[in-house]
Q: 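Can you read through this structure? Questions will come right after.
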Amino acid sequence: MSVTKTPAWQALADHAAAARGRGFDTLFAADAARVTACRISVDGLRLAYAFQNVDAQTVGLLTALAAQQKVADWRAHMFAGGRINATENRAVLHTALRQRGDAPVLVDGVDIIPEMRAVQKRMAAFVDDVRSGQWRGATGKPMRHIVNIGIGGSDLGPRMAALALRPFVTGVDVHFVANVDAFDLNNVLDKIDAAQTLFVVASKTFTTQETLLNARSARQWLVEKLGEGAVKKHFVAVSVNAGEVEKFGIHADNMFPMWGWVGGRYSLWSAVGLSLALAIGNAHFRALLDGAAAMDDHFRTAPLEANMPVMMAMLGIWNRNFLGMPALAVLPYCERLRELPRYLQQLEMESNGKSVTRAGAPVQCDTTPALFGECGTVGQHSFHQWLHQGTTPVAADFIGVARDDLGKPEHHRALMSNMAAQMAALAFGQKRPAAPHDNYPGGRASSLILVDDLTPRALGMLLALYEHKVFVQGVVWDINSFDQPGVELGKRLAKGLESGSLAEGSGMEKTVLAGFYDAFLSGTA
Ligand code: F6P
């Protein structure tokens, strides 16, 4: 049965009819303790949702929906290695990568932990070798530049975390190449010295066109400078696909495996995090995993109504499905989190941008909202006009860092007061009937996610929070959050065009596409 036909959903729909009209003045007036009541804290990370259009009844109804959809059972199933990614027949075990002890996790009756620990050990030893200068390049010099070549989940996580954790980066510079547009690669090659550069080719499948093309061009660049023999000292790979890695010309000793049970957009915790670990060192990388493990523990054990990822997920469902908000703005008031919206775009929109249920029927409700974002205060001078006075109210996640260690307290005060001001302006607005252009409708919902300090541990907690939020929403919408079939058709069509043999398509689109390409694009190479 579609979730929209269930009693818990219907109860929320009835409740929303009344809730839609209420303003934040009413909500705050009704409960003097609202600010303190509407928050959940976990180990230095806080979620404050007083600026969401909810009261105790709404929270009760949302929790009932989560319970009805069996979030707790699905959660247990995921942690236990159940094949919840049914279309790909895979377990979903990014949580195992950060679990603290060696408690067995079984996939098809086989404990995956010993092999995983062995890879983590190899990875840590390699990180130490490179960072200590023991690992030398072909000309005998230590590594100064790490270049991660990957795209999507093999790029966005390490790229985002390397910036977020910049104060912890020591000894090397880390660069990222993702786009097949040669500008991206050239831009990095221009800045580095081949003799002191380690390329990390990260691709779960090792078949991704953009990554392989970039990696081949980087390899050619290196060989031209240092000779074929240098590849062994300057290229390593992260993948599940040992055969393709070897075909590419990277030795098996230089390959760090991952597994089918790690989804690309959930893979920062695996060897996909190698470039990050090389930049921040093993202790900080471990702290990142520990932070995620702390959030996993909370997610597994806290009751639904006091469970931070569950609450975030259900607030998102409330805004999307019952209050009709088509988008979520993610607004970190922290320059180091500048890449976070892009990372979350893949996490949320590739996971839950689906329109069929697990059983293959059309979903009867909207699924994930469009996610976009920008750092505050920069976004205030760009799209915040639309947030405040646009015709379509959307929700926002404000993300703040309480402690400032940058030595300029007046900047931090300005940052924090702007963030709080934006939340209040969106919520309460300003009624100016006599000057309509100056009227702010208010009633625009937001949450605040506050970390005490942006440490590796705190970042781990924050990312795991969003991962589990996405999981809960997928469960409630009854969709598979762990496949991404929608990206495949475009890949096949592009390959067909490039090779001049368009096999894809039933007829019309094949002819139109080839004609379009010939008319406008084929001569532009
Ligand atoms: O095209 C989408 C995608 O499959 C993502 O899910 C993935 O993170 C990205 O491509 C890169 O894939 P790979 O790591 O296999 O190169």
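Both ligands and their constituent atoms are indexed starting at 1 by order of listing.
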Q: If the condition is side chain to side chain contact (heavy atoms under 4.5 Å, CB included), which residues does Asp43 pass it with, not counting sequence neighbours?
A: Ala294, Arg457, Met461
Q: With a 4.5 Å heavy-atom cut-off, do Glu88 and Phe482 have their side chains touching?
A: no
Q: Using a 4.0 Å heavy-atom cut-off, which part of Lys204 comes near ligand 1: side chain, backbone, both, or neither?
A: both
Q: Please could you name the atoms of ligand 1 that Gln484 approaches to less than 4.0 Å, counting only its heavy atoms?
A: 6 (O)
Q: How are the rings of Phe199 and Trp221 set relative to one another: parallel (under 30°), tilted (30 to 60°) or perpendicular (over 60°)?
A: perpendicular
Q: Side chains of Arg117 and Gln120: do they bring a donor and an acceptor to under 3.5 Å?
A: yes
Q: Does the N or O separation between Gly153 and ligand 1 drop below 3.5 Å for any pair?
A: yes
Q: Please confirm whether Gln346 comes under 4.0 Å of ligand 1, counting heavy atoms of the residue only.
A: yes
Q: Can you find an N/O atom of Thr211 closer than 3.5 Å to an N/O atom of ligand 1?
A: no
Q: For Trp135, run the side chain to side chain contact (heavy atoms under 4.5 Å, CB included) check against Asp128, Val127, Val130 and tell me which one passes.
A: Val130
Q: Sequence neighbours excluded, which residues qualify as side chain to side chain contact (heavy atoms under 4.5 Å, CB included) partners of Asn148?
A: Phe176, Val200, Ala202, Ser275
Q: Around atom 9 (C) of ligand 1, find the nearest protein heavy atom and jot down its residue, atom name and distance.
A: Ile151 O, 3.7 Å
Q: Any N or O on Lys491 sitting closer than 3.5 Å to an N or O of ligand 1?
A: yes
Q: To check your reading of the model: name the closest protein heavy atom to atom 14 (O) of ligand 1, its residue, and the distance in Å.
A: Ser154 OG, 2.6 Å
Q: Would you please indicate yes or no on a ring centroid separation below 6.0 angstrom for Tyr343 and Tyr466?
A: no
Q: What protein heavy atom sits nearest atom 6 (O) of ligand 1, and how far off is it?
A: Glu350 OE1, 2.8 Å
Q: Any atoms of ligand 1 less than 4.0 Å from a non-hydrogen atom of Thr208? List them with their elements.
A: 12 (O), 13 (P), 15 (O), 16 (O)
Q: Looking only at heavy atoms, is any part of Val487 under 4.0 Å from ligand 1, and if so is it the side chain, the backbone, or both, or is it neither?
A: side chain
Q: Using a 4.5 Å cut-off on heavy atoms from C-beta on, say whether the side chain of Arg338 contacts that of Glu335.
A: yes
Q: What protein heavy atom sits nearest atom 15 (O) of ligand 1, and how far off is it?
A: Thr205 OG1, 2.6 Å
